[in-house]
Amino acid sequence: MAMTNSEIADLFNKMADMLEIKGENPFKVRAYRNAARTVQNLGKSLEELVAEGKDLTRLPGIGKDLSDAIHEIVETGKFSKLEALKKKLPEGLDELLSIEGLGPKRIRQLYDTFHITSMQELAKVAESGDIYKLKGFGPTLVEKILKGVRLAKKAGHRFRFDVAKPFAEELRRYLAGFDGVVKVEVAGSYRRRKETVGDLDILVVAENWDDVTDWFVKFEKVKEVVSKGPTRSTVILSNDLQVDLRSVARESYGSALHYFTGSKAHNIKIRKMAVERGWKINEYGIFEGEKRLGGESEEEIYRLMGLCYIAPELREDRGEVEACMAHRLPRLIERSDIRGDLHMHSKNTDGHATIEEMAEAAKKLGYDYIAVTDHSRHLTVAKGLDEKRLLEEMEAIDRLNEKLEGITVLKGIECDILEDGTMDLPDHILKRLDVVLAAVHYKFNLSKKEQTKRVVKALQNPHVDILAHPTGRVIGHRNPYELEMGDIFDVCKKEGKILELNAQPERLDLNDIYCKTAKEEGVKISIATDAHDPMSLAFMAYGINQARRGWLEKEDVINTLPLEKLRALLDR
DNA sequence: GCCGTTTTCGGCCCGACTGTTTTCAGTCG
C-alpha cells in the first residue's frame, strides 16, 4: 500500500496524541511530533527514499526507532507500535483533543471514570451532570466542553489566505486609524503568507488599550465577542474567522512580533540557540538573567543572536537558520522582479476578456510580455481550441502584436495531457507556438504509477515547455493526484522542462515545499496566474507569496527574464 | 524517542491564562 508523506506524518501525530493520553514521557511525545513535522516538510516521498536505500536517520528528528517505523509503514502500510497502543487505548480518544479545554489529562480522567471514547458519549455525561464528579471540572469548563463538541465539526477549518486577506487588511486600517494606536501588525501564519490561516493574530502598541479594545469589538463584522481582557481580546467575525487582538508594550514589540509570527518550530529553534548562550527569549524580550538585552524590533533579536534578518515567509524551521549562519539565505523574489505572465485565457475559450484587453491590463501592471494559453480541444466544457481555431487565434495574435506597443503577446496553449500521456494537439502545431503548457484536466484518479508515467511522457514531448498546476490540488476541495514528484523533478531536470507555480489562490500549485525542492534540484519555475479576466492578473501576488515561502529567488523563475532571454530559453 | 565540539546519559522552549482551588494542574499558543 502506497503511503504518502502526509499519511505517515498523520500516523506519527496520532501516535503522539495517544501517547500523550496514555501519560507517556512528554519528550517522547514531542519526538513523534518533531518527526511528523520533518516528514511533512520533506520535498521527496519517503517511499522513494526507502526504495533508494537512503539512511533515514540523517533526517532531523529521525533516529533508529523512527527510521525502522518508516520502513515498516512504507513496506507494509502498518505501524505496529500504534496498532499495539490502540489495543490498550481505544481509537477515537485522540479526536477529543480537538475540543478546546480538553487535553490529555482530562481525556484520560473521562476515559478511566466513564469510559468515554467519543464526542457523543462526552456530551451525554456532560449534560447529565455526572461529569462534575471529576476533580477539576466546574460549570465554566463543562460549558466550554459542550460548546467545543458542538463546534467540533468546524474544528480544524482553516481559511484560505485570499479569503482572510480582506478582513485582515480592513481590520489593520480600522485599528491603525484609531487615536492612540502607535503600531498595528497582523502576525501569525498570515504574516508568514501561508496558503491557509487558522485565525488572525493582531498586535497593537497603544497608550489606551481599554479604548482600543472597545473599538476593536465594535468592528462591524464582529459576530461574537469571545473574551475581552487586559492584554488580549478575541472575537469571531461574520464568516467565523477568529481574531485575537493583543496589547504589546513598545519595548517588547519586536519580541512579541517574533513570537506571534512563529512558526512555533522556528521560535523553538531560536530559543534553543539563546539557551545555549545562557540567554532567554520570550515574548517580552531577550534576557541574560534579569538583564534585558533587547526586544524592541525583530531585527534586534536576530542581530543579538548573531543572525541576519529572516523573512517571515521562511520561518518554518526548514533550514533557514542554518542557511543564515552559512550566509546562504536566499534573496527572495519580489513582485517587481516579474516581467510577464505565461498562463492566461481569453474569450476564445473560457476566459471573459479579449486577448487585447488582457494585454492592455498586463501592460498596466508593468509587464513586457504575456502568453495567451487557451485550452485545447479535449476540454470541451471550456470550449477548448481545435487545430483550426488555434491557428486563427495565432494569426489574430500576430495582427495584435503589430498594433500593440510596449508589450508582446506570446502564442501559447494549455494543452491537455491525454490519458496515455500523449498531447491533445499534434506536434506540428505545438511546434509553431511560443510556449506550450501541458496540463492534466481529467482522469485524476489513476494509480500513482500510471499518473506519473502519463505526466513524464508528456514532459518528454520536445514541444512541451511547462507543466501547468503540476499536482492538480485545489485547497480544501481536491487533493493532489497521485504523482511521484521525484520522477517529475528528474525528467524536468533532464529535459530542461519548467514547473508552473499556479498563482490562483485556491491552487498555489506547486506548493511551498515542492518549490524549494525544485530549486534544490535545479528545476526552473514559471509563476503564472491562469487568469480568466484582467482583474485576476493580480493573483501574481499570491504566487509571489508562495514562491518566497519556497525559497525562490529571481534567478529561479523564468518570467523574471527579459523577453529575448525568455524566448531563447523556450526555443529549445 | 532524539541528540551530542560538555557524546551513550540526561537533558529536551517558554510563559500566560483559566478554572479550580486555597497553591496549582491543565491547557493553550
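Not measured: the values here are computed from a predicted model. In what follows, every chain begins at residue 1, and chains take the letters A, B, ... in the order their sequences are listed.
Atom-to-atom, CG of A:Leu141 to C1' of B:dG19 comes out at 7 Å; the value is rounded to the nearest Å. What separates CD1 of A:Ile107 from P of B:dC28 is a distance of 9 Å, to the nearest Å. For the pair A:Tyr259 OH and B:dG15 C1', the interatomic distance rounds to 6 Å; values are reported in whole Å. Atom pair A:Leu96:CG and B:dG26:P shows a separation of 17 Å (rounding to whole Å applied). For the pair A:Asn267 CG and B:dG15 C1', the interatomic distance rounds to 13 Å; values are reported in whole Å. Note: CG (A:Leu245) to P (B:dG29) measures 17 Å, nearest angstrom. Between the CD atom of A:Gln242 and the C1' atom of B:dC28 there is a distance of 12 Å, given to the nearest Å. Taking atom NZ of residue A:Lys272 and atom P of nucleotide B:dC3, one finds them 10 Å apart after rounding to whole Å.
For A:Lys264, taking side-chain heavy atoms from C-beta onward, the closest of the listed nucleotides B:dT27, B:dG29, B:dC2 is B:dG29. Checking B:dC12, B:dC2, B:dC14 against every side-chain atom of A:Asn282, the shortest atom distance belongs to B:dC14. Comparing B:dT27, B:dG1, B:dC14 by their nearest atom to the side chain of A:Val275 picks out B:dC14. Distance from the side chain of A:Arg271 is smallest for B:dC14 among the nucleotides B:dC14, B:dC2, B:dC12. Considering only the side chain of A:Ala31, B:dC2 comes nearest among B:dC2, B:dG29, B:dC14. Nearest nucleotide to the side chain of A:Lys105, out of B:dG19, B:dG26, B:dC12: B:dG26. Nearest nucleotide to the side chain of A:Asn25, out of B:dG1, B:dG26, B:dC14: B:dG1. For A:Thr140, the side-chain atoms get nearest to B:dG19 when compared with the rest of B:dG19, B:dT27, B:dG1. Minimum atom distance to the side chain of A:Lys81 is reached by B:dG1, of the listed B:dC14, B:dG29, B:dG1.
Among the atoms of the strands shown, none is found under 4.0 Å from any heavy atom of A:Phe260. Residue contacts shown for A:Ile62 are limited to sugar-phosphate atoms, with no base heavy atom under 4.0 Å away. At a threshold of 4.0 angstrom between heavy atoms, the contacts of A:Pro60 are confined to the sugar-phosphate backbone, with no base atom among them.
Taking atom P on both nucleotides, B:dG11 is separated from B:dT7 by 14 Å, rounded to a whole Å. On the P atoms, B:dT21 is 15 Å away from B:dT27, given to the nearest whole Å. Separation of the C1' atoms belonging to B:dT6 and B:dC12 is 16 Å when rounded to the nearest angstrom. B:dT23 sits 15 Å from B:dT18 when the C1' atoms are compared, rounded to a whole Å. Rounded to whole Å, the P atom of B:dG4 lies 13 Å from the corresponding atom of B:dT8.
Inspection of the A:Glu72 and A:Ser80 side chains reveals an N or O donor paired with an N or O acceptor under 3.5 Å. Under 3.5 Å, the side chains of A:Thr57 and A:Ser67 contain no donor-acceptor pair of N or O atoms.
Sequence order on DNA chain B of the closest nucleotides to A:Gln109 and A:Lys144 puts A:Lys144 first from the 5' end. Heavy-atom distances to DNA chain B give each of A:Gly103 and A:Ile268 a nearest nucleotide, and the one nearer the 5′ end belongs to A:Ile268.
Applying the 4.0 Å criterion to OP1 and OP2 of B:dC17, one finds that A:Thr231 has a side-chain N or O inside that range. One finds no side-chain N or O of A:Lys135 lying less than 4.0 angstrom from the OP1 or OP2 phosphate oxygen of B:dA25.
Using the six-membered ring where Trp is involved, A:Phe12 and A:Tyr32 have ring planes that are perpendicular, over 60° apart on the 30 and 60° scheme. Ring-plane geometry between A:Tyr111 and A:His115 is classed as perpendicular, the angle between the planes exceeding 60 degrees on a 0 to 90 degree scale with a lower cut at 30.
A salt bridge links A:Asp240 and A:Lys223; the closest N-O separation between the charged side-chain nitrogens and carboxylate oxygens is under 4.0 Å.
Scanning atom types as modelled, no donor and acceptor separated by under 3.5 angstrom connect the side chain of A:Tyr284 and the base of B:dG15. No hydrogens or angles were tested; on distance alone, nothing pairs the side chain of A:Asn34 with the base of B:dG1 as donor and acceptor under 3.5 Å.
Nucleotide B:dT8 forms a pair with no other nucleotide shown, judged by Watson-Crick or G-U wobble geometry with both contacts under 3.5 Å.
Residues passing the ring-ring contact (aromatic ring centres under 6.0 Å, His included) test with A:Phe161 are A:Tyr190, sequence neighbours excluded.
Residue A:Glu48 is tested with A:Asp487, A:Asn5, A:Val74 for a side chain to side chain contact (heavy atoms under 4.5 Å, CB included); the sole match is A:Asp487.
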